[in-house]
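As the structure is a computational prediction, the values presented were derived from the model and not from experiment.
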Amino acid sequence: MSRLVSSLNPQQHQAVTLPRESALILAGAGSGKTRVLTTRIAYLVESGQVSPGGILAVTFTNKAAREMLTRLSAMLPINTRGMWVGTFHGLCNRLLRTHFRDADLPQLFQILDSGDQQSLIKRLAKAQGLDEEKYPPRQLQNFINNAKEAGLRANAVEAGDEFTRRMMQFYADYDAQCNREGVVDFAELMLRTFETLARNLNLLQHYQNRFRFILVDEFQDTNKLQYKWIKLLAGTNGCVFAVGDDDQSIYRFRGAEVGNMNEFVRDFGIREVIKLEQNYRSQGNILDAANAIIAQNKARLGKNLWTDEGKGEPLRIYAAANDNEEAAFIVDEVRQLHREGMALSDMALLYRSNAQSRVLEHSLFRAKIAYKVYGGLRFFERQEIKHAMAYLRLAANPDDDTAFSRVVNFPPRGIGARSIEQLQEASEQGMGSLMHVAKNGVVGGRSGSSIAQFIAIIEGLRKSAETLRLSELIEEILERSNLRQFYAAEKDGQDRLENLNELINAAALFADDYEHGLEPAGESQADVEQLEGTPEQQLLAAFLSHASLEAGEREAAAGQDALQLMTIHSAKGLEFSGVFISGLEEGLFPHDNSMLEDGGIEEERRLMYVAITRARKRLYLSYAGSRMLHGQPRYGIVSRFVEEIPPALCKWIVLPEKQFDTGRQSAFGGGWGNRNNNGGGWSSGGGRAPGPDKDRYPTPVKRESFEKARPDEHPFAIGQNVRHAKFGEGVVINFEGRGLDARIQVRFASDGTKWLALQYAKLTPA
DNA sequence: TGTACTTAAGTTTTT
DNA sequence: CTTAAGTACA
């Protein structure tokens with residue numbers, strides 16, 4: 001016992017050893033959050049307060065769940081089998097599989113991923129003759145998911161206007177269709193579980209009694225429904241250990257409600273909020289910068305990170321003339337750090353939006369620096385894998401229309417759009433699923449026989465599914481469907497073939513784990529209802545769930561030492577010795593779109609906070625005076641977030657060969673160091689803010705660029721910094737018209753982008 | 001049915 | 001610029 005808690009700091013210790021009462025742990029970045037969570041579980045089990053079966057620990061990602069399990073098995077001598085540790089959706093899946101009858105689901109219900117969901121919506125919208133212009137599938141999907149994530153069924157959605165009423169109707173039809181097919185989408189997993197428990201008192205009490213301790217990771221990311229779900233399971237006597245960080249709440253756009261933290265304090269009568277503020281990751285200057293930035297936010301619970309490890313190096317800031325130069329700078333610094341012994345894999349290059357990776361990749365590629373981009377397609381999202389899985393889904397559930405539509409004519413077997421339409425029409429007239437009407441011979445002629453062929457393939461697979469091993473079944477799918485032959489004949493099909501073979505491999509591995517009880521779908525005897533069906537069916541269902549719920553890493557091929565490229569969002573939770581935050585320009589980061597939303601800037605600022613706190617030792621911030629965006633140059637000024645960092649923590653990098661002149665500040669680089677001419681001070685500090693050391697780093701002007709950018713007929717240059725009497729400072733980004741009609745477009749630091757009539761606008765060079 | 005061209009749009013993402 | 005999705009045509 002003492003072994004577990006002896007090396008914890010006082011706050012961690014307090015959190016881990018709390019008596020049985022609900023608590024909120026405000027865990028700052030790098031404060032040992034996962035450690036506290038897992039040690040708490042180990043402590044509870046080891047001190048005999050609960051048996052493993054009484055633990056429910058819930059996370060958002062499979063990765064986090066795996067990490068927790070790995071750490072737990074290292075801490076506890078006993079096996080972790082009886083514990084319920086998983087993602088919200090994984091745990092819901094587990095509950096629904098066990099209680100499929102109470103949930104009104106077929107035993108082998110399928111899970112639709114976002115792509116599947118969208119194709120179902122498209123199919124349905126088309127069948128209803130819904131105007132795609134007025135009701136874009138994407139919007140319908142959002143409407144449905146938002147409603148479900150708020151815990152609302154179609155009949156509960158308030159519809160004030162005709163438009164909403166129509167979407168509500170569609171939502172109802174969509175749900176009906178899902179029920180007919182026996183499929184559930186992600187949000188449905190949560191909502192259905194919630195409803196099943198809420199309406200079945202026996203079941204609810206069983207689980208409320210069972211889960212003596214509920215632990216929630218990344219609590220700030222929970223949506224309304226997830227919070228309701230937690231409350232329901234906790235009941236009146238529950239004990240919820242919620243760990244989160246409001247300052248790292250960056251997922252509002254997908255339904256996360258930071259407000260749940262305050263709700264939680266109120267609903268559960270939390271007496272004390274424990275703050276973990278000691279940081280074990282970053283050096284002092286980095287933490288000071290993070291603290292200073294996040295302090296600008298008003299809506300906070302309040303927290304300040306500290307370390308006893310010393311200040312470390314200053315943050316390095318670089319103002320590039322353009323995106324290419326920014327990339328070149330990063331390449332040089334990465335090289336240098338690598339030479340000094342920092343592993344490439346210990347460095348991250350972060351950006352706000354994926355599109356920014358292109359230029360960076362280009363430079364890295366030319367410089368022959370190994371890099372890895374996160375965020376690509378995942379294994380189970382690949383086209384060829386989805387096709388193979390569709391056959392597998394039909395083997396498990398022939399009424400899965402989404403799977404049917406995907407492969408009825410793939411590989412092409414001469415079933416045209418008209419035939420598929422006929423099937424769909426028949427299906428809508430209440431004649432059952434696509435497979436069902438297909439069997440009834442709705443389509444005649446040559447297509448009819450092709451369809452019969454397809455049915456025969458599926459029927460054969462269904463038979464095989466009863467006897468063959470999973471990997472053998474997939475092997476058979478590849479052969480009988482002609483998928484393998486099809487890709488073998490395609491000119492670029494080689495990779496796809498390899499992936500298909502990998503699928504067989506993955507299935508074999510999965511089956512192995514499953515039989516050894518490593519996969520949670522194999523239920524423990526403690527549960528109310530035993531799983532039914534043959535072992536083969538269970539395994540098949542588990543594998544299909546696995547494919548939907550855990551689509552695989554978004555990581556490129558692993559192994560080699562490589563620089564890590566990713567968006568700031570995907571960097572959350574990770575740490576690196578060296579971190580580059582690129583593209584720190586107004587409009588890009590904070591992103592333009594965020595400025596329209598209420599609280600948008602604060603969310604962007606939290607994103608900046610997350611980015612900064614990824615760094616252990618060295619942190620670079622860079623921005624570019626101009627960058628190509630959508631094929632056009634876009635001129636930017638330095639992000640407000642750079643200005644919010646106390647200048648004393650920063651060192652401005654100016655490359656020797658870039659020192660041209662010490663004249664007035666330019667323009668082109670969006671400020672090259674001194675954005676404000678306040679006597680060398682750099683705006684935010686006031687007083688004796690050091691900013692760039694002028695003796696060593698004269699403020700450069702990049703002449704060539706400056707000259708090129710100045711159209712003769714205008715008094716201002718594109719890229720030039722200007723001052724407006726009312727709007728303050730900004731940068732000229734465009735012109736329109738000539739003479740008295742000429743208008744000038746300026747991106748202001750505080751008021752966004754505006755078009756001004758050149759004749760009237762009182763602009764002065766800044 | 002498949003290929004070639006046009007057109008529009010372009011934050012962030014897990015399950 | 002780049003990509004995805006839709007349209008026109010052989």
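Checking B:dT13, B:dT12, C:dT3 against every side-chain atom of A:Ser570, the shortest atom distance belongs to B:dT13. Side-chain atoms of A:Ser114 lie closest to B:dT15 of the nucleotides B:dT13, B:dT11, B:dT15. Listed nucleotides: B:dT11, B:dT14, B:dG2. Nearest to the side chain of A:Pro412: B:dG2. Taking the side chain of A:Arg358 as heavy atoms from C-beta on, and the options C:dT2, B:dT15, B:dT12, the nearest nucleotide is C:dT2.
Residue-nucleotide stacking is not present for A:His89 and B:dT15, judged by a side-chain ring centre under 5.5 Å from the six-membered base ring centre and planes under 30° apart. In this structure, A:His630 forms an aromatic stack with the base of B:dG10, since both conditions hold: centre separation below 5.5 Å and plane angle below 30°. An aromatic stacking contact between A:Phe253 and the base of B:dT11 is absent, as defined here by ring centres under 5.5 Å apart and ring planes under 30° from parallel.
Within the structure, a side-chain polar atom (N or O) of A:Arg378 is placed less than 4.0 Å from OP1 or OP2 of B:dT15. The phosphate of B:dT1 (OP1 or OP2) has a side-chain N or O of A:Asn409 nearer than 4.0 angstrom.
Across the protein-nucleic acid pair, A:Glu218 atom CD and B:dT14 atom P stand 13 Å apart, rounded to whole Å. Rounded to an integer number of Å, the gap from A:Asp116 CG to B:dT15 P is 16 Å.
Looking at heavy-atom distances under 4.0 Å, A:Asp185 makes no contact with the nucleic acid at all.
Pair check for B:dT11 finds none; no Watson-Crick or G-U wobble contact set falls under 3.5 Å.
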